[in-house]
2 protein chains.
Amino acid sequence: MSEKIEKSRDLAPRLANRLFFRLYQCTNMLHKTGTRALDDHHITTQQWAVLGALTRPAFEGGVAVGDLAAFLLVSRQNLTGVLTRLEAMDYIERAVAENDNRSRLIRLTTKGRSLWDENMRPVISDYYDAALRGFSTEDRIHMIHYLDKMLRNFKDLDPEAHADKKAAE
Amino acid sequence: MSEKIEKSRDLAPRLANRLFFRLYQCTNMLHKTGTRALDDHHITTQQWAVLGALTRPAFEGGVAVGDLAAFLLVSRQNLTGVLTRLEAMDYIERAVAENDNRSRLIRLTTKGRSLWDENMRPVISDYYDAALRGFSTEDRIHMIHYLDKMLRNFKDLDPEAHADKKAAE
DNA sequence: GAACAAACGTAAATATATTGACATAAATAA
DNA sequence: TTATTTATGTCAATATATTTACGTTTGTTC
């Protein structure tokens with residue numbers, strides 16, 4: 001009995017280590033294979049994330065830079081770089097917000113919308129199918145649940161993230 | 001009945017999208033909060049991953065650059081950069097392998113070992129506790145299982161990764 | 001109206017990320 | 001012995017990442 005307790009106490013750090021290492025590896029592969037999947041369209045995974053976010057109905061009228069950074073959980077400066085390159089490719093545009101002259105609303109252009117709907121969507125769909133092969137619907141839901149929970153914990157660790165608790169999907 | 005089937009078909013892409021977006025966000029936060037957790041020691045998350053890997057018993061005698069890159073699933077060139085900075089801080093050393101003069105074995109220095117054992121370990125432990133708050137042992141095991149499975153899928157997607165299927169933990 | 005705060009662009013410094021490519025030395029295969 | 005392959009360092013180009021900081025404009029509070 002006390003051996004069992006001792007064993008399970010010894011197990012937890014190893015599991016945590018293993019879990020985060022796997023997460024690290026998975027992410028490395030996500031970026032590698034994801035970017036490659038969209039090579040034909042010269043879109044990186046971060047650009048993919050931005051474009052995907054902009055397709056959301058809630059962002060159809062445009063989203064402020066700061067809000068988008070908070071949603072994606074990246075720094076504003078880095079996002080600015082990504083946005084600038086997407087703008088250069090005519091996939092997004094920046095517009096002055098009507099109710100606040102300081103604010104810039106980021107939104108998809110027609111070209112960007114077309115890229116997403118006609119070029120990226122099918123590739124992404126195939127990619128997801130391959131990456132989630134063998135995952136049942138229940139598996140997916142469970143994994144989302146775990147990632148959700150972890151994300152909440154990360155946000156609790158980060159003082160700046162508290163103001164953005166509303167950034168739920 | 002056909003409505004139910006239709007509904008579950010409609011659900012899968014949304015779940016996949018949601019899952020990968022969560023993964024993306026989690027990773028962004030992992031790097032952000034993880035690096036900050038080790039600010040006192042000026043260690044980034046990637047350096048953490050390298051140092052952690054080098055503490056493995058199997059790598060005690062040193063590990064070749066290419067093997068380490070394959071283990072961590074990062075590019076050789078990027079790893080070289082990380083290693084060079086760790087070497088500059090005297091946390092690792094490179095040694096010519098005995099049985100192959102072309103090969104460089106990467107291993108922890110005494111200083112690196114001490115950094116890991118005495119400085120990083122406690123911080124990491126606390127960090128993991130916080131990041132995995134509310135996760136039971138079973139949750140952790142399931143999460144690892146899912147990540148394992150996904151990693152396998154990613155590797156299947158990547159022609160170069162096939163040679164490294166042995167890189168299991 | 002003055003003081004303060006916020007939104008964004010920008011700059012700087014540092015670290016990570018990839019791919020493609022090349023050169024050199026060493027190991028392996030023919 | 002020669003031809004081929006391999007391990008690593010290096011180069012180049014591009015893209016992402018963070019933090020700290022500053023400046024300008026605009027909005028909000030007192």
Side-chain angles (χ1 to χ4, degrees), chain A residues 24-25 27-39 41-50 62-70 72-89 94-106 158-161 163, chain B residues 24-25 27-39 41-50 62-70 72-89 94-106 158-161 163:
Chain A
Y24 171 79
Q25 286 178 311
T27 306
N28 291 339
M29 290 304 285
L30 170 63
H31 289 302
K32 183 176 179 180
T33 56
T35 296
R36 181 172 286 180
L38 286 165
D39 257 355
H41 308 291
H42 309 294
I43 294 291
T44 65
T45 48
Q46 341 302 325
Q47 291 166 7
W48 168 354
V50 169
V63 56
V65 175
D67 289 343
L68 188 53
L72 297 168
L73 298 171
V74 294
S75 68
R76 185 166 57 80
Q77 281 85 332
N78 179 46
L79 179 60
T80 295
V82 180
L83 292 178
T84 296
R85 284 180 290 274
L86 283 172
E87 192 179 23
M89 294 190 268
R94 300 182 215 227
V96 178
E98 284 197 7
N99 57 339
D100 188 342
N101 280 0
R102 302 166 304 181
S103 188
R104 297 292 177 272
L105 293 185
I106 309 296
D158 187 30
E160 292 167 26
Chain B
Y24 173 77
Q25 285 178 310
T27 306
N28 291 341
M29 289 305 285
L30 171 63
H31 289 301
K32 183 176 178 178
T33 56
T35 297
R36 180 174 286 178
L38 287 165
D39 255 356
H41 307 293
H42 309 294
I43 294 290
T44 66
T45 49
Q46 340 303 324
Q47 291 166 7
W48 168 355
V50 171
V63 55
V65 174
D67 289 342
L68 189 53
L72 297 168
L73 297 172
V74 295
S75 68
R76 186 169 54 83
Q77 282 86 330
N78 179 47
L79 179 61
T80 297
V82 181
L83 292 179
T84 298
R85 284 181 289 276
L86 284 173
E87 192 179 22
M89 293 190 267
R94 300 183 217 227
V96 179
E98 284 197 8
N99 57 336
D100 187 343
N101 281 1
R102 303 166 302 178
S103 187
R104 297 293 177 271
L105 293 186
I106 309 296
D158 187 28
E160 292 167 28

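Quick note on labels: first sequence line is chain A, next is B, and so on, each numbered from 1.
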**Student:** Between T45(A), I106(A), L83(A), which is the residue that forms a side chain to side chain contact (heavy atoms under 4.5 Å, CB included) with V50(A)?
**Tutor:** L83(A)
**Student:** Taking only N and O in the side chain of R102(A), is any of them less than 4.0 Å away from OP1 or OP2 of dA5(C)?
**Tutor:** no
**Student:** Does OP1 or OP2 of dT16(D) have a side-chain N or O of T44(A) closer than 4.0 Å?
**Tutor:** yes
**Student:** So, does the side chain of Q77(A) form a donor-acceptor pair with the base of dT10(C) at under 3.5 Å?
**Tutor:** yes
**Student:** Between dA15(D) atom P and L83(A) atom CG, what is the distance in whole Å?
**Tutor:** 14 Å
**Student:** Can you see if the side chain of N78(A) gets near the phosphate of dT18(D) - specifically, an N or O under 4.0 Å from OP1 or OP2?
**Tutor:** yes
**Student:** Between P on dC22(D) and CZ on R76(A), what's the gap in Å once rounded to a whole number?
**Tutor:** 14 Å
**Student:** What's the CD1-P distance between I106(A) and dA7(C), to the nearest Å?
**Tutor:** 14 Å
**Student:** Rounded to whole angstroms, how far apart are CD on Q46(A) and P on dT14(D)?
**Tutor:** 18 Å
**Student:** Of T33(A), L38(A), D39(A), which meets side chain to side chain contact (heavy atoms under 4.5 Å, CB included) against R36(A)?
**Tutor:** D39(A)
**Student:** Between dT26(D) atom P and R104(A) atom CZ, what is the distance in whole Å?
**Tutor:** 9 Å
**Student:** If you find the nucleotide of DNA chain C closest to T80(A) and the one closest to Y24(A), which residue's nucleotide is nearer the 5' end?
**Tutor:** T80(A)
**Student:** S75(A) near the nucleic acid: base, sugar-phosphate alone, or nothing, with a heavy-atom cut-off under 4.0 Å?
**Tutor:** base
**Student:** In whole angstroms, how far is the P atom of dA17(D) from the NE2 atom of H31(B)?
**Tutor:** 8 Å
**Student:** With nearest nucleotides of DNA chain D determined for V82(A) and S103(B) from heavy-atom distances, which residue corresponds to the more 5′ nucleotide?
**Tutor:** S103(B)
**Student:** Round to a whole Å and report the spacing from NE2 of H42(A) to C1' of dA15(D).
**Tutor:** 14 Å
**Student:** Return the value, rounded to whole Å, for the distance between atom CZ of R36(A) and atom P of dA15(D).
**Tutor:** 18 Å
**Student:** With sugar-phosphate meaning primed atoms plus P, OP1 and OP2, does A97(A) contact a base, only sugar-phosphate, or nothing at under 4.0 Å between heavy atoms?
**Tutor:** nothing
**Student:** What are the two closest non-hydrogen atoms of T35(B) and T44(B), and how far apart are they?
**Tutor:** OG1-CA, 3.9 Å
**Student:** Hey, which sits more toward the 5' end of DNA chain C by its nearest nucleotide, V63(A) or N101(B)?
**Tutor:** V63(A)
**Student:** Checking contacts here: which listed nucleotide (dA26(C), dT18(C), dG27(D)) is nearest the side-chain heavy atoms of D100(B)?
**Tutor:** dA26(C)
**Student:** On a heavy-atom basis, which atom in L73(B) and which in N28(A) lie closest, and how many Å separate them?
**Tutor:** O-CB, 3.1 Å
**Student:** Would one find a side-chain N or O of R94(A) under 4.0 angstrom from OP1 or OP2 of dC8(C)?
**Tutor:** no
**Student:** Please report the shortest heavy-atom distance between Q25(B) and L72(A), naming the atom on each side.
**Tutor:** CG-O, 4.1 Å
